[in-house]
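Excluded from the calculations below are hydrogen atoms, water molecules and symmetry mates; all remaining heavy atoms, backbone and side chain alike, are included. The shown structure was predicted, so the numbers you read here are calculated from the model rather than taken from an experiment.
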Amino acid sequence: MVVLVVATTIDPASIGPASSLLSMPGWEPGPSLQGIPSYVNGNVILLKHDNGIVKEDYLDRRWAEATGEAVDEVIFLSKHVAVSNRPALTIHPIGVPHLRDDEVPPAGGKPGWAAPPNPRMGAWMKLLKNIAESHNLVPEFEVTMEATHHGPLVDAPTMFLEIGSTEEYWKRQDAALVMASLVWKGLGLGGDGAVGNWNRENNKKKVLLGIGGGHYVPRHMDIIMKDDIWVGHLLSGYSLPMEDPNLSREEKADGIDGLWRKAVKVSFEATKSAFPDGEILAHLDHKSFKSWQKNAIVAFLAEQNIKIGKPADFI
(Lines give C-alpha, C1' and ligand atoms only; values in the text may rest on other atoms or scores of the structure.)
Protein backbone atom coordinates (compact mmCIF):
# COMPACT_ATOMS: atom_id res chain seq x y z
CA MET A 1 0.00 0.00 0.00
CA VAL A 2 1.33 3.43 -0.93
CA VAL A 3 0.60 7.04 0.01
CA LEU A 4 0.06 9.55 -2.80
CA VAL A 5 1.12 13.15 -2.23
CA VAL A 6 -0.22 15.31 -5.06
CA ALA A 7 1.06 18.71 -6.18
CA THR A 8 0.53 20.92 -9.20
CA THR A 9 3.13 23.11 -10.86
CA ILE A 10 0.63 25.91 -11.57
CA ASP A 11 -0.03 26.66 -7.89
CA PRO A 12 2.82 28.25 -5.86
CA ALA A 13 1.27 27.02 -2.60
CA SER A 14 1.38 23.49 -4.01
CA ILE A 15 4.69 23.31 -5.85
CA GLY A 16 6.49 25.22 -3.07
CA PRO A 17 5.87 22.57 -0.38
CA ALA A 18 6.45 19.82 -2.96
CA SER A 19 9.86 21.25 -3.88
CA SER A 20 10.79 21.58 -0.20
CA LEU A 21 9.72 18.00 0.40
CA LEU A 22 11.71 16.71 -2.58
CA SER A 23 14.82 18.47 -1.23
CA MET A 24 14.73 16.16 1.78
CA PRO A 25 16.63 12.83 1.69
CA GLY A 26 15.55 9.61 0.03
CA TRP A 27 13.64 10.63 -3.08
CA GLU A 28 14.18 8.91 -6.41
CA PRO A 29 12.45 9.29 -9.78
CA GLY A 30 9.48 6.94 -10.16
CA PRO A 31 7.33 5.78 -13.05
CA SER A 32 5.38 8.31 -15.10
CA LEU A 33 1.61 8.23 -14.70
CA GLN A 34 0.04 9.18 -18.03
CA GLY A 35 2.69 11.87 -18.46
CA ILE A 36 2.69 12.93 -14.80
CA PRO A 37 6.16 12.52 -13.24
CA SER A 38 6.45 10.77 -9.90
CA TYR A 39 9.04 10.64 -7.14
CA VAL A 40 9.38 7.76 -4.70
CA ASN A 41 10.52 7.65 -1.08
CA GLY A 42 9.74 4.29 0.51
CA ASN A 43 5.99 3.80 0.25
CA VAL A 44 5.35 7.50 -0.46
CA ILE A 45 4.76 8.65 -4.03
CA LEU A 46 4.78 12.34 -4.95
CA LEU A 47 2.95 13.22 -8.16
CA LYS A 48 3.58 16.59 -9.79
CA HIS A 49 1.10 17.44 -12.54
CA ASP A 50 0.47 20.60 -14.57
CA ASN A 51 -3.29 20.85 -14.17
CA GLY A 52 -5.55 22.50 -11.62
CA ILE A 53 -5.39 20.63 -8.32
CA VAL A 54 -9.11 19.72 -8.47
CA LYS A 55 -9.04 18.75 -12.16
CA GLU A 56 -7.20 15.42 -12.01
CA ASP A 57 -9.77 12.87 -10.85
CA TYR A 58 -9.10 9.41 -9.44
CA LEU A 59 -5.32 9.66 -9.31
CA ASP A 60 -5.34 6.88 -6.71
CA ARG A 61 -7.30 4.55 -9.00
CA ARG A 62 -5.14 5.47 -11.98
CA TRP A 63 -1.93 4.81 -10.04
CA ALA A 64 -3.17 1.39 -8.93
CA GLU A 65 -4.21 0.45 -12.47
CA ALA A 66 -0.87 1.58 -13.92
CA THR A 67 1.46 0.06 -11.30
CA GLY A 68 -0.48 -2.59 -9.44
CA GLU A 69 0.16 -0.71 -6.18
CA ALA A 70 -2.95 -0.06 -4.11
CA VAL A 71 -3.21 3.47 -2.69
CA ASP A 72 -3.92 3.68 1.02
CA GLU A 73 -4.36 7.45 1.28
CA VAL A 74 -4.02 10.69 -0.69
CA ILE A 75 -2.67 14.06 0.45
CA PHE A 76 -3.10 17.15 -1.74
CA LEU A 77 -0.95 20.28 -1.48
CA SER A 78 -2.83 23.43 -2.45
CA LYS A 79 -3.46 27.12 -1.97
CA HIS A 80 -6.23 28.44 0.25
CA VAL A 81 -8.32 31.47 -0.72
CA ALA A 82 -10.26 33.54 1.81
CA VAL A 83 -12.14 36.82 1.62
CA SER A 84 -10.29 37.99 4.73
CA ASN A 85 -6.90 37.51 2.98
CA ARG A 86 -5.59 36.37 6.36
CA PRO A 87 -2.50 34.14 6.21
CA ALA A 88 -3.46 30.59 7.14
CA LEU A 89 -2.30 26.99 7.22
CA THR A 90 -5.25 24.63 6.93
CA ILE A 91 -6.26 20.97 6.72
CA HIS A 92 -9.61 19.66 5.52
CA PRO A 93 -11.51 16.67 4.11
CA ILE A 94 -13.13 16.90 0.69
CA GLY A 95 -16.54 16.44 -0.86
CA VAL A 96 -19.69 18.21 -1.97
CA PRO A 97 -22.40 16.03 -0.39
CA HIS A 98 -24.91 18.88 -0.25
CA LEU A 99 -25.21 19.61 -3.98
CA ARG A 100 -28.21 18.66 -6.12
CA ASP A 101 -27.69 16.17 -8.93
CA ASP A 102 -28.25 18.92 -11.50
CA GLU A 103 -25.67 21.27 -9.97
CA VAL A 104 -22.16 21.62 -11.35
CA PRO A 105 -19.61 21.59 -8.52
CA PRO A 106 -17.62 24.83 -8.69
CA ALA A 107 -14.34 23.15 -7.71
CA GLY A 108 -14.40 19.48 -8.61
CA GLY A 109 -16.07 16.42 -7.19
CA LYS A 110 -19.62 15.35 -8.03
CA PRO A 111 -22.97 16.15 -6.39
CA GLY A 112 -23.82 14.07 -3.36
CA TRP A 113 -20.28 12.74 -2.96
CA ALA A 114 -17.70 12.86 -0.17
CA ALA A 115 -14.31 11.16 -0.13
CA PRO A 116 -13.35 9.10 2.92
CA PRO A 117 -11.62 11.54 5.28
CA ASN A 118 -7.96 10.85 5.93
CA PRO A 119 -7.71 9.53 9.52
CA ARG A 120 -4.48 11.46 10.07
CA MET A 121 -6.23 14.85 10.08
CA GLY A 122 -6.73 15.23 13.83
CA ALA A 123 -3.19 14.23 14.76
CA TRP A 124 -1.72 16.28 11.92
CA MET A 125 -3.64 19.35 13.01
CA LYS A 126 -1.74 19.37 16.30
CA LEU A 127 1.52 18.50 14.56
CA LEU A 128 1.01 21.35 12.07
CA LYS A 129 0.50 23.85 14.87
CA ASN A 130 3.65 22.66 16.65
CA ILE A 131 5.75 22.90 13.48
CA ALA A 132 4.32 26.32 12.59
CA GLU A 133 5.11 27.61 16.08
CA SER A 134 8.66 26.26 15.87
CA HIS A 135 9.11 28.23 12.62
CA ASN A 136 7.65 31.39 14.21
CA LEU A 137 4.66 31.49 11.86
CA VAL A 138 2.17 31.72 14.72
CA PRO A 139 0.36 34.04 15.41
CA GLU A 140 0.92 35.59 11.96
CA PHE A 141 -0.66 32.52 10.36
CA GLU A 142 -3.89 31.06 11.60
CA VAL A 143 -3.62 27.27 11.93
CA THR A 144 -7.00 25.60 11.59
CA MET A 145 -9.17 22.99 9.96
CA GLU A 146 -11.73 23.85 7.33
CA ALA A 147 -15.09 22.28 6.66
CA THR A 148 -15.54 19.64 3.97
CA HIS A 149 -15.57 21.16 0.49
CA HIS A 150 -14.54 20.73 -3.19
CA GLY A 151 -12.92 17.88 -5.18
CA PRO A 152 -11.23 16.22 -6.99
CA LEU A 153 -12.81 12.77 -7.14
CA VAL A 154 -10.85 10.14 -5.30
CA ASP A 155 -11.56 6.76 -3.70
CA ALA A 156 -8.95 6.59 -0.93
CA PRO A 157 -9.03 8.50 2.38
CA THR A 158 -8.00 12.05 1.54
CA MET A 159 -7.08 15.42 2.98
CA PHE A 160 -5.94 18.78 1.66
CA LEU A 161 -3.06 20.75 3.15
CA GLU A 162 -3.33 24.40 2.21
CA ILE A 163 -1.46 27.69 2.49
CA GLY A 164 -3.54 30.86 2.44
CA SER A 165 -4.72 33.29 1.58
CA THR A 166 -3.08 35.52 -1.08
CA GLU A 167 -0.23 35.18 -3.56
CA GLU A 168 2.15 36.83 -1.11
CA TYR A 169 1.64 33.96 1.33
CA TRP A 170 1.30 31.19 -1.28
CA LYS A 171 4.90 31.94 -2.25
CA ARG A 172 6.27 32.10 1.28
CA GLN A 173 9.18 29.69 1.56
CA ASP A 174 8.83 29.39 5.34
CA ALA A 175 5.19 28.34 4.94
CA ALA A 176 6.18 25.88 2.21
CA LEU A 177 8.81 24.37 4.50
CA VAL A 178 6.28 24.01 7.32
CA MET A 179 3.90 22.08 5.07
CA ALA A 180 6.72 19.94 3.71
CA SER A 181 7.87 19.20 7.26
CA LEU A 182 4.32 18.22 8.18
CA VAL A 183 4.27 15.60 5.42
CA TRP A 184 7.84 14.48 6.19
CA LYS A 185 7.25 14.02 9.91
CA GLY A 186 3.62 12.97 9.64
CA LEU A 187 4.42 10.10 7.28
CA GLY A 188 7.50 9.09 9.23
CA LEU A 189 9.89 9.69 6.35
CA GLY A 190 12.56 10.80 8.81
CA GLY A 191 12.46 7.44 10.56
CA ASP A 192 10.57 8.49 13.70
CA GLY A 193 7.33 6.71 12.85
CA ALA A 194 4.21 8.01 11.13
CA VAL A 195 1.66 10.13 13.00
CA GLY A 196 -2.08 9.46 13.06
CA ASN A 197 -2.21 5.87 11.84
CA TRP A 198 -5.70 4.53 12.62
CA ASN A 199 -4.66 0.92 12.12
CA ARG A 200 -2.01 1.13 14.85
CA GLU A 201 -3.19 3.90 17.17
CA ASN A 202 -6.91 3.27 17.56
CA ASN A 203 -7.18 2.45 21.25
CA LYS A 204 -9.65 5.33 21.33
CA LYS A 205 -12.45 4.35 18.96
CA LYS A 206 -14.52 7.55 18.95
CA VAL A 207 -14.47 9.67 15.79
CA LEU A 208 -15.84 13.20 15.51
CA LEU A 209 -18.33 13.98 12.72
CA GLY A 210 -18.75 17.75 12.82
CA ILE A 211 -22.19 19.17 12.03
CA GLY A 212 -22.88 22.89 11.82
CA GLY A 213 -20.94 26.08 12.31
CA GLY A 214 -18.85 28.22 10.01
CA HIS A 215 -16.26 27.28 7.44
CA TYR A 216 -13.42 27.21 9.99
CA VAL A 217 -15.44 25.05 12.42
CA PRO A 218 -14.33 26.84 15.63
CA ARG A 219 -16.40 24.80 18.08
CA HIS A 220 -15.27 21.53 16.52
CA MET A 221 -11.69 22.86 16.63
CA ASP A 222 -12.00 23.27 20.40
CA ILE A 223 -12.29 19.48 20.59
CA ILE A 224 -9.92 18.62 17.75
CA MET A 225 -7.02 20.39 19.44
CA LYS A 226 -7.32 18.13 22.49
CA ASP A 227 -5.18 14.98 22.66
CA ASP A 228 -5.79 11.97 20.41
CA ILE A 229 -8.92 13.13 18.61
CA TRP A 230 -9.94 11.29 15.44
CA VAL A 231 -11.68 13.54 12.93
CA GLY A 232 -14.06 12.70 10.11
CA HIS A 233 -16.08 14.98 7.89
CA LEU A 234 -16.90 18.51 9.02
CA LEU A 235 -20.17 19.89 7.64
CA SER A 236 -20.57 23.63 8.01
CA GLY A 237 -23.95 25.31 7.87
CA TYR A 238 -23.75 25.96 4.12
CA SER A 239 -23.39 22.20 3.56
CA LEU A 240 -26.69 21.59 5.36
CA PRO A 241 -29.25 23.30 3.08
CA MET A 242 -32.56 23.40 4.95
CA GLU A 243 -35.76 25.07 3.82
CA ASP A 244 -37.50 27.12 6.51
CA PRO A 245 -40.89 25.45 7.13
CA ASN A 246 -42.47 28.89 7.50
CA LEU A 247 -41.62 29.60 3.87
CA SER A 248 -42.59 26.19 2.47
CA ARG A 249 -45.85 25.19 0.85
CA GLU A 250 -48.47 23.98 3.29
CA GLU A 251 -48.07 20.34 2.32
CA LYS A 252 -44.40 20.53 3.27
CA ALA A 253 -44.90 22.24 6.59
CA ASP A 254 -44.46 19.05 8.62
CA GLY A 255 -40.96 18.41 7.29
CA ILE A 256 -37.77 20.33 6.73
CA ASP A 257 -36.88 20.03 3.07
CA GLY A 258 -33.49 20.48 1.50
CA LEU A 259 -30.49 18.27 0.93
CA TRP A 260 -29.21 18.37 4.50
CA ARG A 261 -30.27 14.76 5.20
CA LYS A 262 -28.31 13.51 2.22
CA ALA A 263 -25.26 15.56 3.21
CA VAL A 264 -25.28 14.10 6.74
CA LYS A 265 -25.83 10.53 5.58
CA VAL A 266 -23.17 10.63 2.85
CA SER A 267 -20.63 12.22 5.19
CA PHE A 268 -21.37 9.71 7.94
CA GLU A 269 -20.95 6.75 5.59
CA ALA A 270 -17.72 8.14 4.15
CA THR A 271 -16.35 8.73 7.66
CA LYS A 272 -17.37 5.24 8.73
CA SER A 273 -15.53 3.73 5.76
CA ALA A 274 -12.32 5.54 6.74
CA PHE A 275 -12.41 4.35 10.36
CA PRO A 276 -13.11 0.59 10.43
CA ASP A 277 -14.61 -0.43 13.80
CA GLY A 278 -14.69 3.22 14.87
CA GLU A 279 -17.59 4.75 16.78
CA ILE A 280 -18.73 7.77 14.79
CA LEU A 281 -20.23 10.46 17.02
CA ALA A 282 -21.87 13.58 15.65
CA HIS A 283 -20.73 16.77 17.33
CA LEU A 284 -23.22 19.62 16.84
CA ASP A 285 -22.39 23.29 16.88
CA HIS A 286 -25.63 23.97 18.72
CA LYS A 287 -25.35 27.75 18.72
CA SER A 288 -25.15 27.86 14.93
CA PHE A 289 -28.66 26.42 14.48
CA LYS A 290 -32.11 27.83 14.93
CA SER A 291 -34.28 25.66 17.16
CA TRP A 292 -36.25 24.14 14.27
CA GLN A 293 -33.02 23.26 12.50
CA LYS A 294 -31.46 21.63 15.54
CA ASN A 295 -34.63 19.70 16.31
CA ALA A 296 -34.77 18.36 12.77
CA ILE A 297 -31.10 17.33 12.77
CA VAL A 298 -31.31 15.65 16.17
CA ALA A 299 -34.40 13.71 15.08
CA PHE A 300 -32.76 12.62 11.84
CA LEU A 301 -29.59 11.48 13.60
CA ALA A 302 -31.76 9.36 15.92
CA GLU A 303 -33.53 7.84 12.91
CA GLN A 304 -30.15 6.95 11.39
CA ASN A 305 -28.82 5.54 14.69
CA ILE A 306 -26.04 8.14 14.69
CA LYS A 307 -25.11 8.99 18.24
CA ILE A 308 -24.49 12.57 19.34
CA GLY A 309 -21.36 13.24 21.36
CA LYS A 310 -20.70 16.02 23.85
CA PRO A 311 -17.19 17.52 24.05
CA ALA A 312 -16.27 15.32 27.03
CA ASP A 313 -17.18 12.18 25.07
CA PHE A 314 -14.25 12.61 22.72
CA ILE A 315 -11.53 13.06 25.31
With a 6.0 Å cut-off (strictly less than), is the heavy-atom count around [atom1] of [X], excluding the residue itself, greater than 12?
X    : atom1 : value
E28  : CD    : no
K205 : NZ    : yes
K307 : NZ    : no

Taking atom [atom1] of [X] and atom [atom2] of [Y], what is their separation to the nearest 0.5 Å?
X    : Y    : atom1 : atom2 : answer
Q293 : I211 : CD    : CD1   : 12.5 Å
R261 : L259 : CZ    : CG    : 10.0 Å
R219 : K287 : CZ    : NZ    : 5.0 Å
L209 : L234 : CG    : CG    : 8.0 Å
N136 : F141 : CG    : CZ    : 12.0 Å
L33  : E56  : CG    : CD    : 8.5 Å

E162 side chain reached by E146 side chain, heavy atoms, under 4.5 Å: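 They are in side-chain contact.
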State, with a plain yes or no, whether a side-chain heavy atom of H220 is found less than 4.5 Å away from one of D285.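 Side chain of H220 against side chain of D285, heavy atoms only: contact under 4.5 Å found.
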Does [Y] offer a backbone N or O that forms a donor-acceptor pair with the side chain of [X] under 3.5 Å?
X    : Y    : value
W198 : G278 : no
D11  : T8   : no
E269 : V266 : no
S267 : K265 : no
R62  : D57  : yes
S38  : P31  : yes
S288 : G213 : yes
N295 : S291 : yes

Would you call E142-R86 a salt bridge at under 4.0 Å N-O?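 Yes, E142 and R86 are salt-bridged.
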Non-neighbouring partners of [X] that pass side chain to side chain donor-acceptor pair (under 3.5 Å), sequence neighbours left out:
X    : answer
D102 : R100
K262 : D101
H149 : none
W230 : none

Which residue is it: I91, T90, L128? I am looking for the one with a side chain to side chain contact (heavy atoms under 4.5 Å, CB included) to V143.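 Single side chain to side chain contact (heavy atoms under 4.5 Å, CB included) partner of V143 among I91, T90, L128: L128.
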Using every non-hydrogen atom in the two residues, find where H150 and V96 come nearest and quote the distance to one decimal.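 Looking at all heavy atoms of both residues, the closest pair is N-CG1, 3.8 Å.
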Provide the full list of ring-ring contact (aromatic ring centres under 6.0 Å, His included) pairs with a residue in residues 93-135, sequence neighbours left out, each pair given once.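 For residues 93-135, and leaving out neighbouring residues, there are no ring-ring contact (aromatic ring centres under 6.0 Å, His included) pairs at all.
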Taking ring-ring contact (aromatic ring centres under 6.0 Å, His included) as the cut-off, I'd like each qualifying pair that reaches into residues 9-58, sequence neighbours left out, listed once.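 Counting only pairs at least two positions apart or across chains, no ring-ring contact (aromatic ring centres under 6.0 Å, His included) contact touches residues 9-58.
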Worked check of side-chain hydrogen bond (donor to acceptor under 3.5 Å, both in side chains) between T271 and H233: CA-CA 6 Å; T271 299; H233 276 290; 4.7 Å; no
Sequence neighbours left out, cut at 3.5 Å: what donor-acceptor pairs do the side chains of residues 70-79 make with other protein atoms?
unit_1 : atom_1 : unit_2 : atom_2 : d
E73    : OE1    : N118   : ND2    : 3.0
E73    : OE1    : R120   : NE     : 2.8
E73    : OE2    : R120   : NE     : 3.1
E73    : OE2    : R120   : NH2    : 2.9

Excluding sequence neighbours, so at least two apart, what forms side-chain contact (heavy atoms from CB on, under 4.5 Å) with T166?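 By the side-chain contact (heavy atoms from CB on, under 4.5 Å) rule, T166 matches N85, E168, Y169.
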List the residues meeting side-chain contact (heavy atoms from CB on, under 4.5 Å) with S165, not counting sequence neighbours, and say none if there are none.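 Residues passing side-chain contact (heavy atoms from CB on, under 4.5 Å) with S165: H80, A82, A88.
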Is there a path of hydrophobic side-chain contacts, each under 4.5 Å between heavy atoms of I/L/V/M/F/W/Y residues, joining [Y] to [X]?
X    : Y    : result
I224 : I280 : no
L301 : W292 : yes
W184 : F160 : no
V54  : V6   : yes
L89  : V138 : yes

What residues, two or more places apart in sequence or in another chain, satisfy salt bridge (charged side-chain N to carboxylate O under 4.0 Å, His left out) together with K171?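 Applying salt bridge (charged side-chain N to carboxylate O under 4.0 Å, His left out) to K171 gives E167.
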Indicate every side-chain donor-acceptor pair of residues 16-23 with a distance under 3.5 Å to a residue at least two apart or in another chain.
unit_1 : atom_1 : unit_2 : atom_2 : d
S19    : OG     : I15    : O      : 2.9
S20    : OG     : G16    : O      : 3.4
S23    : OG     : S20    : O      : 2.6

Show which residues join W170 in its hydrophobic cluster (side-chain heavy-atom contacts under 4.5 Å, direct or indirect), or state none.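 Taking Ile, Leu, Val, Met, Phe, Trp and Tyr as members, W170 shares its hydrophobic cluster with V81.
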